[in-house]
Every structure is written in C-alpha cells, then in structure tokens.
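Just the heavy atoms: all of them, side chains too, but no hydrogens, waters or symmetry mates, feed the values below.
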Amino acid sequence: MNILRGSRVKKSSKKANRFTSSIEFDAPIARHVIKINMAHVLSLLRSGEVGREIAAPCLGFFLRLPEVMRLDKEAEDIHHMIEQEAIRKIGIEKAGQINLGKSRNDQVVTAIRMEARERLLQLSEALISVQKSLELASKKSGDLVIPGYTHLQHAQPVTLSFHLQSYFDGFERDFSRLTEAYSRLNLSPMGAAALAGTSVPVNRRYVASLLAFDGLVKNAMDAVSSRDFAVELVSCAEMIMIGMSRLAEEIILWSSSEFGFVEVSDLHAATSSIMPQKKNPVVAEMIRAKCGSVLGHLSATCSILKALPNSYNLDLQEVTPHLWSALSDTAASAELMAEMLSSMLFSEDSINSA
C-alpha cells in the first residue's frame with residue numbers, strides 16, 4: 001500500500017502501473033537519490049523543521065542503503081521504492097518526514113543532472129583520449145605524404161599529420177561545447193518542490209553545496225519542467241559522433257584493398273564466417289552506425305519535449321533513457337576510436353604509390 005501518497009486514487013491497474021513506471025531505467029540515479037534525500041534531511045535539521053530524533057534514524061537508513069540496489073519491478077519508480085523501504089525499516093512517523101518540503105519532481109531532475117554530469121565528464125575524458133591517439137598517430141607516421149581529396153578525387157598532396165589535425169581541431173570544438181554545457185547542467189533544482197517552491201524552510205543553496213552543484217535553477221517551474229540540458233547534451237554527443245563517424249568512414253575506406261593505406265588491429269576487426277581471408281573493420285563500422293543511433297535519440301528527445309505545457313508532465317520520463325543511451329554510445333565509441341587509432345598501422349608503400 002502506498003501509505004505516503006494518501007487515498008485520492010482508490011485502485012489502479014497493474015498493467016497501467018507497469019506502463020507508466022520508470023523503475024526499469026532508474027538504476028543509474030539510485031545512488032544520487034540517496035544523496036539527495038540525505039542532503040534534504042540535513043537541511044530540515046539545520047532549519048529546525050525536524051529534530052535529531054527524526055533526522056538521525058532517517059540518515060542512518062540512507063547510509064545503510066547500498067549504492068547498487070535490487071530494483072522492485074512493482075514500484076512506481078526508485079523514489080517510491082525507497083520511500084516504502086524507509087517505512088518498513090524506520091516506521092511511518094519518521095519516514096513520513098523525509099519528503100517534507102520536496103517532491104519527486106525536483107528530486108528526479110536533480111538526480112538526472114547528477115548522473116548526467118558524471119557521464120559528461122566521462123565523455124570528456126574519452127574525447128581527450130581520441131585526441132591523444134590522433135597525436136600519437138601523427139608522431140609515428142605524420143610525415144607521410146598522402147593524397148588530399150575533394151569530392152573523393154585526388155586534389156593536393158598533404159601530410160598525414162595535417163589530415164589528422166583536422167579531426168583533432170574538430171574534437172577540440174566538441175570539447176569546448178561539453179565544457180560550456182557542464183556550466184548549465186551543474187545547477188540544482190532542489191527546493192523547487194512540485195512546481196512552485198515550498199513554505200517549508202529549505203535552504204536551497206545549502207542543499208546545492210552538499211550535492212556539489214555550482215548554483216541554482218532559480219525559477220521553480222523551470223527547474224522541474226525544463227529538459228533543455230538533456231537536449232544540449234544529446235546534441236553535443238551527436239556532434240561528436242558526426243566527427244567520429246566521418247573518421248570511421250575514412251578508416252573503413254583506407255583499410256580497403258582499393259586504398260590499402262592502413263591496417264586495423266586484429267583487436268578491432270573481425271573475419272568473415274564464409275571468407276576467412278577477409279579482415280573487416282567492424283569497430284569502425286559500428287561507430288559509424290552509432291552516429292545514426294545517437295541522432296535518433298536526439299530526434300526522439302526533441303519530439304517528446306516539443307509540445308509540453310508547463311510544468312511537470314510524465315512525458316519527461318521518456319527523455320531519460322534517450323539521454324543515457326546517447327551519452328553511453330558516444331563515450332563507448334570514443335574509447336574504442338582512441339584504441340583503434342593508437343594501434344593502426346599505416347602502409348608507407350601504398351601511400352607513396354597513391
């Protein structure tokens with residue numbers, strides 16, 4: 001029974017509950033939800049809204065929760081699951097104070113921002129590794145003179161390092177976009193409650209500092225209903241993927257018999273089941289394909305958001321898995337691109353012949 005939510009809805013359909021539940025993709029934010037609850041309880045304690053007799057068992061409950069939890073598939077979401085577990089462990093009188101002055105609306109978007117900033121940093125590191133691998137390739141083989149192409153026709157001779165530098169500079173702009181996106185992402189929505197703030201004395205800046213945010217999303221309605229940060233991050237991811245897809249396409253072309261400029265490492269290739277003499281650049285092909293997948297996530301995210309009235313609507317829930325998938329696909333693509341670039345061998349004979 002949903003004790004904390006009252007009895008406005010007398011009976012609900014299990015099928016409908018499963019359809020609207022986000023529990024299947026809430027795992028990435030579970031540990032952040034725990035931290036948010038702890039910060040909120042500390043704020044309530046600091047303001048005197050709850051005493052130590054309430055705060056201590058609540059904080060103890062959260063400290064005992066594992067960061068990786070087994071998710072209850074029957075729960076509405078991770079927030080509901082933790083609430084019900086708190087009631088079972090410390091009782092309704094104490095657990096009932098945890099949500100004083102906060103809503104799932106401000107809590108979920110705060111948790112999403114916390115997870116997203118970690119993934120953004122991981123993606124930034126992966127992008128730097130691609131740049132380092134481009135530098136390494138330039139140092140090893142950069143003096144080779146290769147054909148420069150326009151319209152995929154021989155145009156002017158250029159050095160390999162000049163060619164690779166063009167990708168390096170594009171990724172540098174991508175890194176700059178990620179840095180700027182981080183500054184807009186790392187703002188706390190906590191204290192916005194459902195949509196218009198709360199009369200409970202919650203110190204928003206104190207909570208933000210505990211959760212390592214740089215500032216606040218000032219307007220409460222904007223805080224809970226905006227997902228432009230998700231659009232921006234997926235857009236940044238797609239721009240990175242466009243650059244990596246183009247680079248992957250050149251690796252695929254260059255590794256063909258017609259070009260023969262490079263040989264991809266065995267670690268990043270596969271053979272054919274019926275033609276074992278072939279060496280297929282499958283990692284480069286998959287990176288090229290992932291660019292289309294990330295573009296699909298961007299299109300889906302924009303389509304979900306385009307006609308939503310203020311403020312919170314459950315439609316926003318559908319944005320989150322697209323955000324996670326886009327960032328994960330891009331980071332994985334960057335990591336493998338870095339490995340592939342650093343282990344590729346350039347054929348001086350084929351390049352000189354061309």
Side-chain angles (χ1 to χ4, degrees), residues 123-179 235-272 275 277-292 294-295 329-354:
L123 176 54
S124 299
E125 289 178 1
L127 191 57
I128 290 171
S129 70
V130 174
Q131 291 184 298
K132 286 181 177 178
S133 293
L134 286 168
E135 281 187 324
L136 179 63
S138 290
K139 286 177 181 176
K140 288 196 299 185
S141 308
D143 290 339
L144 290 173
V145 178
I146 66 169
Y149 296 87
T150 62
H151 308 278
L152 207 56
Q153 304 294 321
H154 282 208
Q156 291 176 272
V158 297
T159 62
L160 177 62
S161 69
F162 181 78
H163 190 102
L164 296 178
Q165 179 75 38
S166 68
Y167 285 107
F168 183 99
D169 288 355
F171 292 136
E172 187 68 17
R173 291 191 297 274
D174 289 326
F175 185 84
S176 177
R177 278 185 279 269
L178 291 178
T179 303
S235 179
C236 287
E238 175 55 22
M239 294 190 77
I240 292 168
M241 287 305 301
I242 288 171
M244 284 203 292
S245 178
R246 293 177 62 224
L247 179 52
E249 170 68 7
E250 292 208 331
I251 291 170
I252 292 164
L253 285 172
W254 286 0
S255 65
S256 68
S257 300
E258 285 71 20
F259 281 78
F261 288 4
V262 300
E263 182 177 354
V264 174
S265 162
D266 290 355
L267 296 172
H268 306 106
T271 189
S272 167
M275 294 169 284
Q277 80 281 4
K278 291 176 70 211
K279 187 175 185 181
N280 303 322
V282 291
V283 169
E285 290 172 346
M286 187 55 67
I287 291 172
R288 185 175 59 181
K290 288 290 185 184
C291 180
V294 175
L295 178 59
D329 285 350
T330 307
S333 296
E335 288 166 5
L336 282 163
M337 177 61 82
E339 290 179 12
M340 186 165 56
L341 286 169
S342 63
S343 60
M344 274 189 333
L345 296 175
F346 288 89
S347 171
E348 187 172 352
D349 290 342
S350 295
I351 289 172
N352 287 338
S353 176

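- Partners of V158 by side chain to side chain contact (heavy atoms under 4.5 Å, CB included), not counting sequence neighbours, listed by chain and number: I146, F162.
- Under the side chain to side chain donor-acceptor pair (under 3.5 Å) criterion, T159 pairs with S161, not counting sequence neighbours.
- Contact of the I287 side chain with the M340 side chain is registered, since non-hydrogen atoms from C-beta on lie closer than 4.5 Å.
- Applying the salt bridge (Lys or Arg N to Asp or Glu O under 4.0 Å) criterion to D349, with sequence neighbours excluded, gives no partner residue.
- Residues passing the side chain to side chain donor-acceptor pair (under 3.5 Å) test with K278, sequence neighbours excluded: N280.
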* To do: Could you walk me through whether I251 and L341 pass side-chain contact (heavy atoms from CB on, under 4.5 Å), step by step?
  => CA-CA 9 Å; I251 291 170; L341 286 169; 4.1 Å; yes
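- Taken from OG in S245 to CD1 in I252, the straight-line distance is 8.0 Å, to the nearest 0.5 Å.
- Judged as a side chain to side chain contact (heavy atoms under 4.5 Å, CB included), and not counting sequence neighbours, the contacts of E238 are M241, I242, C291, V294, L295, L298.
- Annotation: salt bridge (charged side-chain N to carboxylate O under 4.0 Å, His left out) contacts involving residues 329-340, sequence neighbours excluded, comprise K290-D329.
- With values rounded to the nearest 0.5 angstrom, L152 atom CG is found 6.5 Å from L253 atom CG.
- F171 and L247 make their closest contact through CE1-CD2, 4.3 Å (heavy atoms, listed as atom of the first residue, atom of the second, distance).
- Shown here are the side chain to side chain donor-acceptor pair (under 3.5 Å) partners of S347, two or more places apart in sequence or in another chain: S350.
- Interatomic distance, L178 CG to L127 CG, rounded to the nearest 0.5 Å: 6.5 Å.
- The distance from atom OH of Y167 to atom CE of M337, rounded to the nearest 0.5 Å, is 8.5 Å.
- In terms of heavy atoms, V282 sits closest to A269 at CG2-C, 3.8 Å.
- When the side chain to side chain contact (heavy atoms under 4.5 Å, CB included) test is applied to S265, the partners found at least two apart in sequence or on another chain are L267, H268, S343.
- Here the CG atom belonging to L160 is positioned 6.5 Å from the OG atom belonging to S141, to the nearest 0.5 angstrom.
- Using cut-offs of 30° and 60° on the angle between ring planes, the pair F259 and F261 is perpendicular.
- The list of salt bridge (charged side-chain N to carboxylate O under 4.0 Å, His left out) pairs with a residue in residues 242-258, not counting sequence neighbours, reads E249-R288.
- Contact between A126 and A331 at its shortest, heavy atoms only, is CB-O, 3.9 Å.
- Sequence neighbours left out, not one pair with a member in residues 334-354 passes ring-ring contact (aromatic ring centres under 6.0 Å, His included).
- Under the side chain to side chain contact (heavy atoms under 4.5 Å, CB included) criterion, F168 pairs with Q131, L134, E135, Q165, E172, sequence neighbours left out.
- Atom CE of M239 has 12 or fewer neighbouring heavy atoms from other residues, nucleotides or ligands inside a 6.0 Å radius.
- The OG atom of S342 sits 12.0 Å away from the NZ atom of K132 when rounded to the nearest 0.5 Å.
- The heavy-atom pair separating A354 from H154 by the smallest distance is O-CE1, 3.1 Å.
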* To do: Determine, stepwise, if the pair D266 / K279 fulfils side-chain contact (heavy atoms from CB on, under 4.5 Å).
  => CA-CA 8 Å; D266 290 355; K279 187 175 185 181; 2.7 Å; yes
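- Under a cut-off of 6.0 angstrom, the local environment of CG in D143 is sparse, with at most 12 non-hydrogen atoms contributed by other residues, nucleotides or ligands.
- A search for side chain to side chain donor-acceptor pair (under 3.5 Å) contacts involving R177 returns D174, not counting sequence neighbours.
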